[in-house]
Amino acid sequence: MRGLWAVVPAAGRGTRFGSEVPKQYLDVDGQPLIAYTLAALLAHPLVEGAVVVVSENDADWPGWNETFRIAAAGKPVSTAIGGATRAASVLSGISALPDSVRADDFVLVHDAARPNLALDDLQKLVERGREDPVGAILAAPVRDTLKRAGDDGGIDRTEPRERLWRALTPQMFRRLQLSKALEDAAKAGVEATDESMAMERQGLRPLLVEGSEDNFKITTPADLARFRFILSQR
Ligand code: CTP
Ligand code: MG
């Protein structure tokens, strides 16, 4: 079986989190958050290495060496400079993949802000995704009842939640197809908020692979508190 490379977008500012240091670099039990994310990805035997996409401001972050030493487990990890949107950052990461990653090889894209990815979920995604011609994403079914709000904050109606899923990461697509899809979306002025959205625009139908709700994205301080709690229970 061919190995896989991962692209880890980490060039965001964490506006909703609101900390001075971007959330991916916050210390959690002596390690920066992003070290947990990298370790979770690189724990998979088929994951050969990773490109971490950082913002220009963070490229010289002094924690990198230590992070890579802890998390990379001897696997190659390099950095690329990101862009103004997540999609631009991912595109930059794909361009920075080594030449050994062929055009039709699958690549994993995983948010730096999702440190709690379980190896089981990653394994399930890789197994199911590589059998799909397009690729696959981890996702979770919507469980809450959905309300459509009016301008005044009142509820206009209840939306059916049947067949609605929340897109998680990693998402797994072929290198060339994904970069083309992201480029096309950018040219059309469409901001693809995940890789799958760019692929769907091409008329492709990625596979949904149900993943754990525990693979949540750190968006606000409450999410970080939840992750700290999970760590304390490990
Ligand atoms: N990301 C990126 N480049 C951007 C924007 C986001 O690489 N221009 C990354 C983030 O670092 C994060 C992932 O994409 O790992 C998911 O984005 P999100 O959780 O929205 O993080 P931020 O954009 O940093 O947060 P916010 O939207 O609150 O500003
Ligand atoms: Mg964002």
Side-chain angles (χ1 to χ4, degrees), residues 5-28 31-42 47 50-61 63-64 67-68 71-72 77-97 107-117 121-122 125 137-140 165-173 178-179 181-183 185-187 189-199 211 213-228 230:
W5 273 72
V7 170
V8 179
R13 300 312 304 162
T15 319
R16 285 169 292 179
F17 194 96
S19 57
E20 196 173 318
V21 175
K23 59 190 179 183
Q24 57 272 29
Y25 304 120
L26 291 176
D27 182 281
V28 182
Q31 289 184 39
L33 189 76
I34 191 169
Y36 294 91
T37 310
L38 279 172
L41 270 175
L42 295 165
V47 177
V51 174
V52 181
V53 191
V54 304
S55 84
E56 249 167 299
N57 309 320
D58 303 328
D60 55 358
W61 179 54
W64 279 126
T67 298
F68 291 168
V77 179
S78 59
T79 55
I81 301 297
T85 62
R86 186 179 175 288
S89 295
V90 171
L91 205 45
S92 159
I94 296 171
S95 311
L97 285 166
V107 169
L108 294 164
V109 180
H110 182 53
D111 292 330
R114 284 184 203 274
N116 202 37
L117 169 66
D121 275 7
L122 180 53
L125 175 73
I137 75 170
L138 282 181
W165 291 69
R166 294 186 298 118
L168 311 173
T169 72
Q171 304 199 351
M172 184 174 145
F173 297 112
L178 178 56
S179 55
L182 289 167
E183 275 163 11
K187 271 182 216 144
V190 173
E191 189 178 337
T193 49
D194 71 348
E195 289 59 61
S196 183
M197 181 176 165
M199 299 294 283
E213 308 262 350
D214 287 346
N215 178 17
F216 56 95
K217 188 157 65 82
I218 308 285
T219 304
T220 66
D223 299 320
L224 187 61
R226 181 177 169 199
F227 180 55
R228 284 187 204 277
I230 289 171

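Numbers for residues simply follow the sequence, beginning at 1. Counting convention: from 1, in listed order, for ligands and their atoms alike.
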Legend entry - K217 (side chain) donor-acceptor with D111 (main chain) under 3.5 angstrom: no
Inset, instruction - Find the distance between CG (N116) and CD1 (I230) and round it off to the nearest 0.5 Å. - result: 4.5 Å
Inset, instruction - Do me a favour and list the nearest non-hydrogen protein atom to atom 23 (O) of ligand 1 with residue, atom name and distance? - result: G12 CA, 4.0 Å
Legend entry - Gap separating the CG atom of L108 from the CG atom of L122, nearest 0.5 angstrom: 6.0 Å
Legend entry - Any residue meeting ring-ring contact (aromatic ring centres under 6.0 Å, His included) with Y36, in chain and number order, not counting sequence neighbours: F227
Inset, instruction - Please could you name the atoms of ligand 1 that T15 approaches to less than 4.0 Å, counting only its heavy atoms? - result: 25 (O), 26 (P), 28 (O), 29 (O)
Legend entry - Numbered atoms and elements of ligand 1 in range of A113, under 4.0 angstrom, heavy atoms: 15 (O)
Inset, instruction - Give the contacting part of T85 toward ligand 1: side chain, backbone, both or neither, where contact means a heavy-atom distance below 4.0 Å. - result: backbone
Legend entry - Approximate separation, where rounding is to 0.5 Å, of T169 OG1 and N215 CG: 6.0 Å
Legend entry - I218-ligand 1 polar pair, N/O distance under 3.5 Å: no
Inset, instruction - Answer side chain, backbone, both or neither: which part of S89 comes under 4.0 Å from ligand 1, heavy atoms only. - result: side chain
Legend entry - Sub-4.0 Å heavy-atom approach of T219 to ligand 1: no
Inset, instruction - Using a 4.0 Å heavy-atom threshold (strictly under), name the region of R13 that reaches ligand 1: side chain, backbone, both or neither. - result: backbone
Inset, instruction - Start with the C-alpha gap between R13 and D58, add the side-chain angles, then the distance that decides, and say whether salt bridge (Lys or Arg N to Asp or Glu O under 4.0 Å) holds. - result: CA-CA 10 Å; R13 300 312 304 162; D58 303 328; 3.3 Å; yes
Legend entry - Heavy-atom closest pair, residues H110 and P9: O-CD, 3.2 Å
Legend entry - Geometric N/O contact V53 with ligand 1, under 3.5 angstrom: no
Inset, instruction - Measure the distance from atom 24 (O) of ligand 1 to every protein heavy atom, then report the residue, atom name and distance (to 0.1 Å) of the closest one. - result: G14 N, 2.7 Å
Inset, instruction - Return yes when G83 approaches ligand 1 closer than 4.0 angstrom through a heavy atom, no otherwise. - result: yes
Inset, instruction - Specify the protein heavy atom at minimum distance from atom 7 (O) of ligand 1: its residue, its atom name, and the distance to 0.1 Å. - result: A11 N, 2.8 Å
Inset, instruction - Output yes when a side-chain donor or acceptor of E195 lies under 3.5 Å from a complementary backbone atom of I137, and no otherwise. - result: no
Legend entry - Nearest-neighbour protein heavy atom for atom 12 (C) of ligand 1, which is reported as residue plus atom name and distance: P9 O, 3.7 Å
Legend entry - Ionic contact status for D223 with R114, cut-off 4.0 Å: no
Legend entry - Protein heavy atom at shortest distance from atom 13 (C) of ligand 1: D111 OD1, 3.5 Å
Inset, instruction - Determine the minimum heavy-atom distance between Q24 and A112, stating which atoms define it. - result: CB-CB, 4.3 Å
Inset, instruction - May I ask which of H110, R16, K217, Q24 has a heavy atom nearer to atom 27 (O) of ligand 1 than the others do? - result: R16
Legend entry - Side chain D121, main chain G211, donor-acceptor under 3.5 Å: no
Legend entry - Sub-4.0 Å heavy-atom contact, K23 with ligand 1: yes
Legend entry - For ligand 1, the portion of A84 having any non-hydrogen atom under 4.0 Å away: backbone
